[in-house]
Amino acid sequence: FSSLLPSAHKPLFDKILIANRGEIACRVIRTAKKLGVRTVAVYSEVDSDALHVRLADEAYCIGPAPSAESYLRIDKIIEVCRQSGAQAVHPGYGFLSENAQFADRLAQEGITFIGPPASAIVSMGSKSESKNIMSAAGVPVVPGYHGTNQDPEFLQQEASRIGYPVLIKAVHGGGGKGMRVVHSTSEFRDALESAQREATKSFGNADVLVEKYIQRPRHVEVQVFADKLGGCVSLWERDCSVQRRNQKIIEEAPAPGLSSELRADLSEKAVAAAKAVDYVGAGTVEFIFDNDTSKFYFMEMNTRLQVEHPVTEMITGLDLVEWQLEVAAGNPLPLSQSAIPLVGHAFEARIYAENPRNNFLPDSGQLLYLSTPEPTHVFAPSLEAYRIPVPEGSSGFTPVHNTSAAIAPTMRLEQGFEEGAQIGVFYDPMIAKLVVHGQDRTEALRKLRTALEEYKVVGPSTNIEFLRTLAGNQAFIDAEVETGFIPKHFNELFPPVPEPSHEALAQAALFVVLRDHPAPSTPSPWTTLTSRRFAGDVYERTITLQSEEASASPSTVHIRALSNGRFDVTSHTASGSHTFANVSAHLASPTAVTASLDGALVRTTVVSQSPPANVPASSSPSTMERLHVFHGGRKTTVVLPSPEWLLSLGGDVLGAAKGALRAPMPSVVVEVRVQVGDKVEAGQAVVVLESMKTETVLRAPTGGVVKAVGCQKGEMVEEGRELVDVEPEEGDA
Amino acid sequence: TRSVQVAQRTLVASRRRAYHPNVLPSLISTSSPEFKAKSEALDALVRDLEEKFAAVRQGGGPKAAERMRSKGKKLPRERLALLLDPHTPFLELSQLAAHDVYGESLPAAGLITGIGRVSGRECMIVVNDATVKGGSYYPLTVKKQLRAQEIAKEHGLPTIYVVESGGAALPHQANVFPDKEHFGRIFYNMAQMSALGLPQIAIVHGISVAGGAYVPAMADENIIVREQGRIFLAGPPLVKAATGEEVDEETLGGGLMHSSESGVTDHLARDDEHAIAIARGIVSDLGKAGSRPVPPPATPEDPLYPAHELHGIVGTDVRQAFDMRDVIARLVDGSRFREFKKEYGTTMVTGFAHIHGYPVGIVGNNGILFSQSALKATHFIELCSQREIPLLFLVNVTGYMVGSKAEKGGIAKDGAKMVRAVACADVPKLTVVVGGSYGAGNYGMCGRAYGGRFLWMWPNAKVSVMGPGQLSQVMAQVSKDPTKHSSLKDEIEHQSTALYASARLWDDGIIRPVDTRDTVGLALALAARERGGPSGSVGRTSHTTWDGDAKGYGVFRM
């Protein structure tokens, strides 16, 4: 293709629509801006202030918050294309990105879908069909028997053909029921019978299938790119083995520990897979990789740009969105296989609003404070220098540029939100992606750790601390990755939460003290003579700080004002006391304390999080002011306990609303099952809420009559909103 | 850029500190034996003072404190600390009131008074100390509360009463109850101040009985702590005696009853802390009531010389002279003092300066008052009065000159001119007795009788009708019984100490010399406040106390 003259280059689109939100919409807009392509954003009602809306040249509201009524509305998106004159649609990932119907409709309307043809989406959309296509194309699939013959003798023969260990799985199974791992032929019959018995009992059907059992699987995937002219290349592989809740959390490229032969084999099979379905654009062929045998098997193909595409960009120095636009415009792939570099090592860490210590359950809420490390790059740094043309005739699947030449560590930040944004209940709770690139895996991991230390979020709970622990875990550093990594190393990844350090407590207390100083609006001595006492008196203050676990005993910090801006600070915790003498401290900003603790001058970010104003005070830390102290690379959260009188007042309010059901978290009302006047039993389901893709059923706290209903179906309700009030039956109170 | 900023700051500072004709020089030698001796003597007095202060801060002692705590109550000083804005100054008054007066310990006369910031506003705060004799009112307790009210009234400050008191101390009722300046005056003042638009706020933390019940009842807005605060005119025993009714305290005068039935109280608090939080809320909603702070017209600057040198300059022996300019140099902004009539009547030092950015006219003594000195002071007081610049009297005076020459020179009429000018000057007056304050010199230098806004004494200060030297000689001549003579001399010397004076509220407290500048600065900020009013009128409107009241000076005898 290099023989093509520049004049043959087809022009890119003048204007594209991005049918997505969050970081990927921002990512696509950035490349479009770089190339001078105008951008059209679409947004739902709750996203009107979102970053992608502000970055785009034009933006159109396409409906209410639920994605089914906005981001998934094909008709509205097509209407916006017409209205704005957008010639092509970039679907991002998720939403309509793998919707064949959408690709079809756009084609009918004469709008270019920046992605593969609908037929490829359909072929790859079905797991069984895709496996058949792949087998035919010579791509290895997990060996197994999925047929109807349930004769035990026959199944045992199949097992021997597949090779032990094998997995017997109930066809209708789920949740681990009716599943048996068999290590040798002698065990097969017993295991089969027991699996069938369990399957009959649980699912009323004894049918099983037999598959190769992979003990230490890894998730390895190959980024492929194909153009409309029949060209198809591999941009090398990524390893996404470390997952939680079957979702990726950290990805890297290249996959550690692969021989160049294996890499070439993977790339070759992936390209064959893409070609088998006449693929166009960016796609990912996912393989399951057996750590013990170094064999890999086709799993599925994702017909879109993936979340983790930046790690591939980092090691190749390419802009994949740019490639997508080129390909969609009908141009050939910008580089041939042999010219694609593979330099250094890259990681992507996904920062989610979730609680790792609570089984990674998603969280939501406002980004009250967001401070990120300064990125060194917006796009992948160019690796032009590493691109040495190789002689014609080489297969090209072995990157010859995999060099250990020194490259400076780089960092990219892919974010879709700014401070103040709501990480909503309607969409994916991913806040940002931190992408680093270094000379080798060790360098990249070091960069990742420092970047994570500098990434500070207050609002929803996040997995930042977990990611940092993971990035510092020895097994992870040693590249012992596998899909079962987190359960296997659970104890190391979740060490007990340490007691807040004296330094962190001292700084939290100093923050409280300093922010309570009146801002000297006038230089009157009544404001400038802070804490001035006469007659030998000294201004002192004791601040009580509690950890978020209410059970832990509170710590106290005693502060003695010496002279303006100088204090003696003594921290008392369950395990001991420490005095910092003659501490010079001041507020460097409303969220930063500078203090000299034991001679070390430290600047610490401290962010105050006020409780929601409408939630009555209770002993729950969520109704108290929280201070988030970013100290020593970790976030320590302490609670300023509410005074007893406030708890007493709050108790009255809560006591008065005994039959009231309140929203436990910000959520969407899925269903209201009662009306005013209905009689309900205690424990009867009255409202169903959905938050972060998880449904919660709220039940009547007491039997009685529904006095009021404060919500309706489909409505978004804030934490603490009274949803239903039940008047207890007489004699039931 | 950081180093540039530092350099700029240094430049600004040095420009401000550049030599100025009004800068007072410091010619003292801190290594001289006299300086060291004086310093050591005053150091010892200050140490003794601090010990006394520390004892007073313990209130009625640990046992009484423990008893209060066990009832879930906060201690009086804890209540005070919660009420004040965090990290703001508190100007406490007369800590040594009732010291060694009653033959029993009555720390601070059982009452903490002072000025502090609440919700961003300067307020007079009056706290009963229930750890001291149950917070009951001795004669000096009453006097201290009346003085606090007087200061609040003069400065237009809201007053917050933190109440827990059994009322008048019955054994002292004759000296507490009947007279004009006795218990009843507290409520008279509350009514008067409320009428003047000065908010009266009461927090009832404990018992508030009999006469004491009128503090919350007379308040504009009040708070009571439930199951703790009690207001009744007569307690259960007296009720039983009077009517035969048997009733418990909570039913008779508890917070719930008063808040829900009698309407005596406005806010029902859960505990001490809650009550104080409500009080802070009340103060934040005072609107335009009371006077308004006025920022200083000049940028405050520290003096050029350290305050601790005051000890070595002044010492403790009133017969040892010192130059008042050395004191002034350690009190005023930039140590700048624009002297008036420097060459005339040189035993008087007069001139203009700033303290914490506020302008002040200083009248200081540098020896015996002669006719010339008195005339000079009169002239200067008239200047300040005309210009509305507050006056600061730095007192170290043995009196007006005596003798035929002085009498012929008309020292009586010239002294009278000065006394008249001080009495009628139409500006706030502050007095700090740094040495002696004897005889008519006390009047001319704005003694307690002359209506100053505040009067403080240094621990070495002396106040009496004449100096100890003169006293001995006079006694020797007029007394026929030498034994009596010596005991009277001792008694008068004992009665002339700052401690004796402060215990009897002849002043607003003894201050450490190093605290003088800040204390006076806070007082000047209070004096500079502008009266609010329906029309928001400012300037020389009718004052609530004399302060001249724009009436002129009457008749000067020429």
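Lettering of chains follows the sequences in order, A, B, ..., and the numbering in each one begins at 1.
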Which heavy atom of B/Gly116 sits nearest a heavy atom of A/Trp526, and at what distance?
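Closest approach of B/Gly116 to A/Trp526, heavy atoms only: CA-CZ3, 4.0 Å.
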Least distance between heavy atoms, A/Arg533 atom then B/Phe90 atom
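So the minimum-distance heavy-atom pair works out to NH1-N, 3.4 Å.
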Go through [options] and name the one with the most non-hydrogen pairs under 4.5 angstrom from chain A.
options: B/Ile510, B/Val294, B/Ile115; result: B/Ile115
options: B/Leu526, B/Val56, B/Leu84; result: B/Leu526
options: B/Asp272, B/Leu522, B/Val46, B/Thr519; result: B/Leu522

Taking A/Phe534 as the fixed residue, which of B/Leu93, B/Asp515, B/Ile511 is the one that meets the side-chain contact (heavy atoms from CB on, under 4.5 Å) rule?
B/Asp515
Give me the one residue out of A/Leu514, A/Val512, A/Asp516 that meets side-chain contact (heavy atoms from CB on, under 4.5 Å) with B/Pro86.
A/Asp516
Does any heavy atom of chain B fall under 4.5 Å from the side chain of A/Leu646, the backbone, both, or neither of them?
neither
Please state whether the side chain, the backbone, both or neither of [X] comes within less than 4.5 Å of a heavy atom of chain A.
X: B/Ile355; value: neither
X: B/Arg517; value: neither
X: B/Glu273; value: both
X: B/Leu91; value: both

Taking atom CG of B/Asp271 and atom CD of A/Glu644, what is their separation to the nearest 0.5 Å?
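Interatomic distance, B/Asp271 CG to A/Glu644 CD, rounded to 0.5 Å: 6.5 Å.
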Nearest 0.5 Å, please: how far is OG in A/Ser524 from CZ in B/Arg529?
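So the gap between those two atoms works out to 9.0 Å.
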Between A/Asp652 and B/Arg270, does any side-chain N to carboxylate O distance fall below 4.0 Å?
yes
Decide yes or no for B/Arg117 and A/Thr527: does some side-chain heavy atom of the first lie under 4.5 Å from some side-chain heavy atom of the second?
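Side chain of B/Arg117 against side chain of A/Thr527, heavy atoms only: contact under 4.5 Å found.
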Stepwise side-chain contact (heavy atoms from CB on, under 4.5 Å) check, A/Leu649 with B/His274:
CA-CA 10 Å; A/Leu649 290 176; B/His274 186 206; 3.6 Å; yes
